[in-house]
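I have placed the structure first, in the form of structure tokens, so that the comments after it can refer back to it.
Both counts, for ligands and for their atoms, begin at 1 and track the order of listing. Values in this document were obtained by computation on a predicted structure and should not be read as measured data.
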Amino acid sequence: MKAKVLVTRALFPEALERLNATFEVDYNPEDRALPPEEIAARLAGKDGAITLLSDRIDAAALAGAAGLKAVCNVAVGYNNYDLAAITAAGVMATNTPGVLDDTTADTAWALLLASARRIVAADRWVRDGQWQGWKFHDGWFGQDVHHATLGILGMGRIGRAVARRASGFSMRVIYHNRQRLEPGQEAACAATWVDKATLLRDSDFLVLMLPYSPATHHAIGAAELAAMKPSAHLINVARGGIVDDNALIDALGNGRLAGAGLDVFENEPALDPRFAGLSNVVLTPHIGSSSRATRLAMAMCAVDNLVAALAGQRPPNLLNPAVLGA
Ligand code: GLV
């Protein structure tokens, strides 16, 4: 008998084909998040599930799913998982690290450059027909990226990929992470560890690459923004909630901070309307990993995890080895 799996939301046909070959698949073909009650109902009687970051998997979702063995997130971040509850239920949890590092680092750089050089506001101005003629003092002076100081808060794989890209811009790269990198890793991305106060004080561009958890909630709030240079730009492609959006809106509005590039927000997909009124912020809809190749690789990685878990093997990206007694 084939194992039964739930796929909560539209994936790629290639991924579905692989799942169908091995499992009996309960597939939501729509690209809409299922309501929590429906996820809970459809997890009942399943052996495994592929979930997206818009699906909350917690004790309530698992309450009726006694036979569930694995939940496999198609994302590197897993703050949509209550890992303690999943582990307590004896269910393996996995994510998709590695395959999205470069694409997400590219997105961070796209936002950084767009914010520094005011690309989106300038584009809007040209479209609006406001450009009357070239001027030397054109009112569009931006911030130089080359030879500036790039700060990175959170130096995992994606943070290191962001750092490596800085060498082409002759930047000084500093970072803060709870754990300092091995000397070889620091050398590979030419980055220097500093304490958080120094990172905030010295960064011309501060890129956030932390995972979201209660410990990182509002890691950047009013006090941290006040400690940054008024000429600095803040880039967040990690998770909403790491930044206190209220404090950021104040800082951007009153000139305390020069600019921001944001791919993630506290209450996404709802946008605080005050962001839309600011010309010194670039906004994108959580597209950090969004190239076709990378999203496909993420889906396939989640499938690999599920196939391994339901074959009785340790999945490659197991988040809670405690369930295996390890
Ligand atoms: C995207 O946000 C991810 O965590 O993969």
Side-chain angles (χ1 to χ4, degrees), residues 7-12 14-15 31-34 39 49-58 61 70-83 86 92-112 152-162 177 207-220 234-243 245 260-271 282-306 315-320:
V7 179
T8 58
R9 200 164 174 165
L11 280 186
F12 288 94
E14 296 93 319
D31 204 1
R32 70 172 173 99
L34 296 176
I39 292 184
I50 302 246
T51 62
L52 280 292
L53 58 78
S54 44
D55 304 320
R56 176 94 189 131
I57 303 296
D58 54 12
V71 285
C72 302
N73 219 26
V74 190
V76 66
Y78 51 90
N79 55 304
N80 57 315
Y81 278 11
D82 179 340
L83 205 54
I86 296 172
M92 288 179 263
T94 67
N95 67 340
T96 61
V99 292
L100 46 68
D101 300 345
D102 283 317
T103 301
T104 309
D106 288 351
T107 307
W109 272 91
L111 288 172
L112 188 159
I152 303 174
L153 183 59
M155 201 60 156
R157 289 187 187 84
I158 305 175
R160 301 201 293 276
V162 170
N177 203 44
V207 177
L208 307 179
M209 286 311 334
L210 296 166
Y212 180 73
S213 72
T216 60
H217 180 73
H218 288 184
I220 299 294
L234 181 73
I235 310 301
N236 188 5
V237 289
R239 277 293 182 275
I242 294 172
V243 177
D245 281 357
L262 307 174
D263 189 43
V264 288
F265 306 87
E266 276 203 277
N267 299 308
E268 64 183 63
L271 179 72
V282 179
L283 311 169
T284 50
H286 203 146
I287 56 170
S289 63
S290 189
S291 71
R292 188 185 193 281
T294 293
R295 288 275 164 95
L296 177 59
M298 292 165 70
M300 290 307 200
C301 177
V303 172
D304 288 342
N305 281 315
L306 186 61
N317 307 115
L318 184 63
L319 295 167
N320 53 351

Note every protein N or O atom lying under 3.5 Å from an N or O atom of ligand 1, pairing the names and giving the distance.
residue	atom	partner	partner atom	Å
ligand 1	2 (O)	Arg239	NH1	2.7
ligand 1	2 (O)	His286	NE2	2.7
ligand 1	4 (O)	Val76	N	3.4
ligand 1	4 (O)	Gly77	N	2.8
ligand 1	4 (O)	Arg239	NH1	3.4
ligand 1	4 (O)	Arg239	NH2	2.8
ligand 1	5 (O)	Val76	N	2.8

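Using a 4.5 Å heavy-atom threshold, the side chains of Ile50 and Val303 count as touching.
Residue pairs satisfying the salt bridge (Lys or Arg N to Asp or Glu O under 4.0 Å) criterion with at least one member in residues 73-83, sequence neighbours excluded, are absent.
In the displayed structure, Tyr78 atom OH is contacted under 6.0 Å by at most 12 heavy atoms of other residues, nucleotides or ligands.
Here Thr294 pairs with Leu100, Thr103, Ser289, Ser291, Met298 under the side chain to side chain contact (heavy atoms under 4.5 Å, CB included) rule; sequence neighbours left out. Every salt bridge (charged side-chain N to carboxylate O under 4.0 Å, His left out) that Glu14 has, sequence neighbours left out, goes to Arg292.
A side-chain N or O of His218 and one of Glu266 form a donor-acceptor pair less than 3.5 Å apart.
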